[in-house]
Protein chains: 2
Amino acid sequence: MQTIRDVAAMAGVSDKTVSRVVNGEPNVSAKTRERVEEAIAALEYIPNMGARLTRTNRSGVIGLITDVVSTTPNSVDIIRGIQDRISTEKQSLLIANTSGTREEEQRVWRTFQEHRIDGVLFATMYHRHITFDPPKPAMPTVLVNCTAEGRDDVPAVVPDDYQGGQAAAEFALDAGHRRIGFVTLNPLILAARLRGQAFEKTMQERGVTIRRDWIRSGYAGGVGEERICAFDVARDILSAPAADRPTVLLAGNDEIAMQCLFAAHALHLRVPDDVAIIGFDDFQKISAQVFPR
Amino acid sequence: MQTIRDVAAMAGVSDKTVSRVVNGEPNVSAKTRERVEEAIAALEYIPNMGARLTRTNRSGVIGLITDVVSTTPNSVDIIRGIQDRISTEKQSLLIANTSGTREEEQRVWRTFQEHRIDGVLFATMYHRHITFDPPKPAMPTVLVNCTAEGRDDVPAVVPDDYQGGQAAAEFALDAGHRRIGFVTLNPLILAARLRGQAFEKTMQERGVTIRRDWIRSGYAGGVGEERICAFDVARDILSAPAADRPTVLLAGNDEIAMQCLFAAHALHLRVPDDVAIIGFDDFQKISAQVFPR
DNA sequence: TTGAAAGCGCTAACAG
DNA sequence: CTGTTAGCGCTTTCAA
């Protein structure tokens with residue numbers, strides 16, 4: 001593998017001059033620059049980021065820590081967005097999963113430190129609070145989809161779940177529905193709480209009665225180990241006689257929405273005539289492929 | 001950030017001795033080793049992989065190139081498997097997407113070269129042939145889910161789609177079905193061809209008539225830009241009178257299977273009584289959440 | 001078992 | 001505009 005010195009020798013300049021060309025620094029004559037670039041091309045020279053790191057303390061790598069984010073549908077879009085932006089910056093992305101375990105998380109931070117990562121994005125699957133305890137010395141970190149409890153010094157990017165819950169409720173109300181059910185996310189999750197609050201507030205403001213027995217969780221079990229049970233729950237709610245069942249079901253996400261749809265099918269209810277269903281999150285693999293759309 | 005020399009000074013040894021301890025090399029007395037380890041802990045020393053790279057030519061990083069793999073359901077499992085194995089080896093994984101474009105692919109290879117990646121995994125979304133044209137000097141590469149045309153020097157891990165197609169056909173036949181439809185993947189894809197061949201061969205061997213008009217693609221468009229149309233295709237096939245429609249539909253994947261299911265619903269056919277549906281690939285987000293299971 | 005010297009490929013700091 | 005010197009943090013080589 002060729003080094004900067006090989007290039008310098010071929011172009012008849014010093015290695016520092018080659019360095020200037022490679023890094024796009026000023027103060028190189030057009031002529032010299034051209035000669036150097038020819039040599040680079042001829043020798044197929046590729047700079048060694050590791051060696052550069054020893055002098056600059058900038059590795060050119062951004063680290064992404066995910067809990068289990070890369071398994072969820074919208075997480076793909078998060079990663080995409082990050083990648084698009086990072087490639088603009090001549091940086092690379094080092095992705096690591098923690099599988100949600102404390103132990104793996106420590107390992108990952110260490111790996112990042114070993115590679116002298118320039119910065120870290122810490123992303124979670126659900127919008128939630130985390131206990132954020134990175135090792136020192138600290139690397140610049142931004143939280144994605146989560147907030148660190150008791151730490152207002154860490155920047156975070158989070159969705160506006162409250163607004164989302166409000167929008168869903170208003171959409172149902174504006175469509176004329178008054179008997180509204182809600183198959184929610186795991187209520188232990190922050191996103192579920194925020195959306196739930198927004199739902200209730202909106203219903204109250206509009207003067208529409210909230211039926212507590214129509215608000216039920218589509219997941220059973222603790223955070224991270226929940227099992228979806230939306231089908232059973234929705235079937236239960238929809239089993240009532242027509243006069244005593246909701247005319248629309250809000251769903252905590254599109255997974256739940258799909259199960260509501262199947263529950264309606266199982267009960268021979270027509271969608272959306274007998275019961276309408278409103279999804280959440282726009283999981284492409286579901287929202288784009290379910291009938292009715 | 002502490003260096004190996006800081007540790008050496010604190011432990012009262014040479015930096016080379018610290019290096020030996022850090023790398024688990026022999027020829028260090030237990031006593032010395034202990035002193036060094038104490039110093040490492042006290043100073044929170046973390047080795048600099050970049051600096052190490054300049055001497056060893058081993059970066060400790062494996063690169064993963066995906067076309068659009070991280071968007072498909074089973075790709076998640078591929079990445080998981082790779083990560084699990086790599087963490088065993090004290091290596092890290094650098095993931096990069098090419099979005100299927102040639103240009104991005106070149107950029108990615110270059111990034112890997114700059115970081116002196118130890119080896120590359122090149123994974124595709126569909127099982128298919130690729131034109132494999134990595135830059136030189138070559139890095140050790142293994143293909144995942146694809147094979148390089150005209151190159152038998154590149155190791156590859158691929159699924160046995162032929163066997164899969166055979167298994168699906170036999171399952172249907174063993175269940176007593178004789179009128180068998182098949183909503184396939186994009187027939188341009190290798191996986192689709194192999195499964196198709198296996199299907200036809202199996203049907204012939206069992207002496208069951210193949211109805212060409214019941215074998216149709218669930219996707220329209222070229223590879224990589226296809227649009228799913230399985231719902232329409234399945235509805236079309238299933239619209240025939242009971243005596244002239246298949247009693248079972250094989251699906252090219254679970255996305256297609258789900259659309260077949262919705263098509264059956266739309267026609268008020270009972271699944272599996274009127275028509276059975278056999279999925280493929282086990283996309284968890286679908287297979288585990290669809291009713292009937 | 002340990003360490004001294006040299007050098008990996010690169011860039012910072014400075015001089016010309 | 002260009003080059004020289006020094007040195008980043010580590011490992012290799014070889015001597016002790």
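Just so it is clear: chains get the letters A, B, ... in the order the sequence lines come, proteins before strands, and each one is counted from 1.
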>> Looking at R107(A) and E104(A), is there a salt bridge between them, counting it only when a charged N and a carboxylate O are closer than 4.0 Å?
In response: yes
> In whole Å, what is the span from the NE2 atom of H115(B) to the P atom of dC10(C)?
Replying inline: 13 Å
> Rounded to the Å, how far apart are D15(B) CG and dT11(D) C1'?
Replying inline: 9 Å
> So what does N27(A) touch, heavy atoms closer than 4.0 Å: a base, only the sugar-phosphate, or nothing?
Replying inline: base
>> Which is more 5' along DNA chain C, the nucleotide nearest R33(B) or the one nearest N48(A)? Just name the residue.
In response: R33(B)
> T56(A) side chain N/O closer than 4.0 Å to the phosphate oxygens (OP1, OP2) of dC10(C)?
Replying inline: no
> Is there a donor and acceptor pair closer than 3.5 Å between the side chain of R52(A) and the base of dG9(C)?
Replying inline: no
> What's the CZ-P distance between R35(B) and dG3(C), to the nearest Å?
Replying inline: 8 Å
> Taking the side chain of S14(B) as its heavy atoms from C-beta onward, which of dG3(C), dA12(C), dG9(D) lies nearest to it?
Replying inline: dG3(C)
> From dA12(C), dC10(D), dT4(D), pick the nucleotide closest to the side chain of Y45(B)?
Replying inline: dC10(D)
>> Is it the case that over 12 heavy atoms from other parts of the model lie below 6.0 angstrom from the CD atom of E25(A)?
In response: yes
>> Regarding dG9(C), can its base be found pairing with the side chain of T54(A) as donor and acceptor, where the two atoms are less than 3.5 Å apart?
In response: yes
> Roughly, in whole Å, what's the span from CD in Q113(A) to C1' in dG9(D)?
Replying inline: 16 Å
> Taking CD from E25(B) and P from dT11(D), how many angstroms apart are they, rounded to a whole number?
Replying inline: 8 Å
> Would D161(A) and R128(A) pass as an ion pair if we require N to O under 4.0 Å?
Replying inline: no
> Between L53(A) (CG) and dC8(C) (C1'), how many Å, whole number?
Replying inline: 14 Å
>> For a quick check of understanding: with a heavy-atom distance under 4.0 Å over all strands, which category does N57(B) fall into, base, sugar-phosphate or nothing?
In response: nothing
>> Whether R85(A) and E89(A) form a salt bridge (side-chain N of Lys/Arg under 4.0 Å from carboxylate O of Asp/Glu) is what I want to check.
In response: yes
> Without hydrogens or angle criteria, can the side chains of T147(B) and H129(B) be said to hold a donor-acceptor pair below 3.5 Å?
Replying inline: yes
> Does R55(A) make a side-chain donor-acceptor contact with the base of dG7(D), cut-off 3.5 Å?
Replying inline: yes
>> Would you compute the distance between atom OG1 of T56(A) and atom CG of L53(A) and round it to the nearest 0.5 angstrom?
In response: 5.5 Å
>> Output the rounded distance in Å from CD1 (I4(B)) to P (dG3(C)).
In response: 12 Å
> Mapping R5(B) and P47(A) onto DNA chain C by nearest heavy atom, which one lands closer to the 5' end?
Replying inline: R5(B)
> To the nearest Å, how far apart are R116(A) CZ and dC8(D) P?
Replying inline: 14 Å
> Looking only at side-chain N and O atoms, does T17(B) come under 4.0 Å of OP1 or OP2 in dT2(C)?
Replying inline: no
> Closer than 4.0 Å, any side-chain N/O of S29(A) to the OP1 or OP2 of dT2(D)?
Replying inline: yes
>> Of the listed nucleotides (dT11(D), dC1(D), dC10(C)), which one gets closest to any side-chain atom of K16(B)?
In response: dT11(D)
>> I'd like to know if R20(B) reaches the base of dG3(C) with its side chain, counting only an N/O donor and acceptor under 3.5 Å.
In response: yes
